[in-house]
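We count ligands from 1, going down the list as the structure has it; atoms in each ligand are counted the same way.
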Amino acid sequence: MRSDLDLELVKLTKRYGDALAVDGIDHLFPAGTYACLLGPSGCGKSSTLRMIAGHESVSDGSILLGGRDISHLPPAKRGTAMMFQSYALFPHLSVTENVGFSLKMKGTDKATRRKRALEMLELVDMTKFADRLPAQLSGGQQQRVALARALITEPQVLLLDEPLSALDPFLRVRMRGELKRIQRELGISFVHVTHGQDEALALADQIVVMNNAVVEQAGPTREVFDAPATSFVARFIGAHNVIALPEGKVAVRSDALRLTAPEGAKLQGQVIAVEYQGTHVALTASVSGDQEVTALLTDKDFFGTPRNPGEAVGLDWDGQAAHPLRA
Ligand code: ADP
Ligand code: MG
């Protein structure tokens with residue numbers, strides 16, 4: 001199935017009446033990448049995904065797959081497939097029949113349908129449930145069936161909208177490992193919508209952070225994490241402090257902060273909370289300008305020189321650990 005087609009959004013816009021849900025976003029998803037659209041509820045992620053899938057009309061701009069404008073093609077003609085948040089399996093059809101359903105619509109014969117469906121079920125590790133009905137499956141298993149059903153159409157791009165949100169935390173972590181494995185195995189692009197930064201960090205080669213209908217920052221996952229470009233991204237991606245200095249705002253990773261004596265440190269503050277987290281200790285201090293800053297210290301570093309709430313501390317970091325933020 002491997003894909004060598006890039007997916008490109010050009011000034012893609014969605015309006016619902018007067019409301020602007022997606023405001024002219026430009027982004028290139030290189031072929032074969034696992035991309036996460038990350039952002040808070042209501043920022044326009046699902047609208048973007050549904051426009052790519054063809055389940056929502058494009059108000060303005062375009063969607064190109066391998067240079068071909070697919071913006072106005074019906075969903076089945078785009079080379080994309082969508083896995084729905086509600087798995088929407090047919091209750092009266094067996095797992096195999098559900099997976100083979102789109103081939104039936106295309107007029108593929110029964111033996112070929114079954115063979116292809118079983119290949120997909122093997123890929124998602126569901127072979128032994130092939131003859132069950134959806135009601136006889138757990139939520140996680142139904143999800144695997146939905147995934148197989150989307151993949152049988154051999155899409156170049158698989159679109160997933162919050163695919164893990166209905167699963168319990170244990171299954172969620174297991175299933176995200178499976179999604180990553182399947183994406184690697186197939187070599188196609190996945191565009192996965194989530195509001196969870198941990199999910200995006202765990203899965204994505206590329207992260208596209210959205211806020212208020214626009215792309216706030218996009219790039220390789222570690223680059224976005226290491227150098228958030230805006231206060232919003234720094235806060236949303238977590239594990240960063242946004243610190244206002246006379247020369248402007250910077251983001252500094254919590255694990256890049258060191259505790260020192262107050263004299264000569266970049267910031268002077270007072271410890272307000274100490275939280276033991278097992279391998280690490282999160283120490284929060286209030287510093288001048290009514291700011292709170294959190295340092296994530298290894299347990300060894302912290303307990304080498306323990307601090308208590310109320311103590312004066314200095315907070316320091318290496319110059320290159322501070323990333324200037326755009327407004
Ligand atoms: P997200 O998936 O990031 O939560 P959505 O794309 O679902 O965001 O929604 C973006 C904005 O568009 C929200 O303000 C939402 O209320 C609005 N919206 C979404 N779908 C519709 C619709 N069918 N009709 C009107 N407004 C909508
Ligand atoms: Mg959504």
### Query
Is Ser41 close enough to the Mg ion (ligand 2) to have an N, O or S atom under 2.8 Å?
no
### Query
So which of Ile52, Leu159, Leu158, Val191 actually passes side-chain contact (heavy atoms from CB on, under 4.5 Å) with Met82?
Leu159
### Task
Say whether, by atom type as modelled, one donor and one acceptor occur between the side chain of Glu97 and the main chain of Ser94 under 3.5 angstrom.
yes
### Query
Think Lys300 forms a cation-pi with Phe302, using NZ or CZ under 6.0 Å from the six-ring centre and within 45 degrees of its axis?
no
### Task
Quick one: sort the Tyr34 and Phe190 rings into parallel, tilted or perpendicular, breaks at 30° and 60°.
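Correct class here is tilted.
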### Message
Classify the ring geometry of His27 against Phe29: parallel below 30°, tilted from 30° to 60°, perpendicular beyond 60°.
### Response
perpendicular
### Side-chain donor-acceptor contact under 3.5 Å, Gln277 with Glu275
yes
Which pairs of N or O atoms, one from ligand 1 and one from the protein, are separated by less than 3.5 Å, and what is the distance for each pair?
from     : atom 1 : to    : atom 2 : distance (Å)
ligand 1 : 2 (O)  : Ser46 : N      : 2.9
ligand 1 : 2 (O)  : Ser46 : OG     : 2.8
ligand 1 : 3 (O)  : Cys43 : N      : 3.2
ligand 1 : 3 (O)  : Gly44 : N      : 3.1
ligand 1 : 3 (O)  : Lys45 : N      : 2.9
ligand 1 : 3 (O)  : Lys45 : NZ     : 2.8
ligand 1 : 4 (O)  : Gly42 : N      : 2.6
ligand 1 : 6 (O)  : Ser47 : N      : 2.9
ligand 1 : 6 (O)  : Ser47 : OG     : 2.6
ligand 1 : 8 (O)  : Gly44 : N      : 3.2
ligand 1 : 20 (N) : Tyr16 : OH     : 3.4

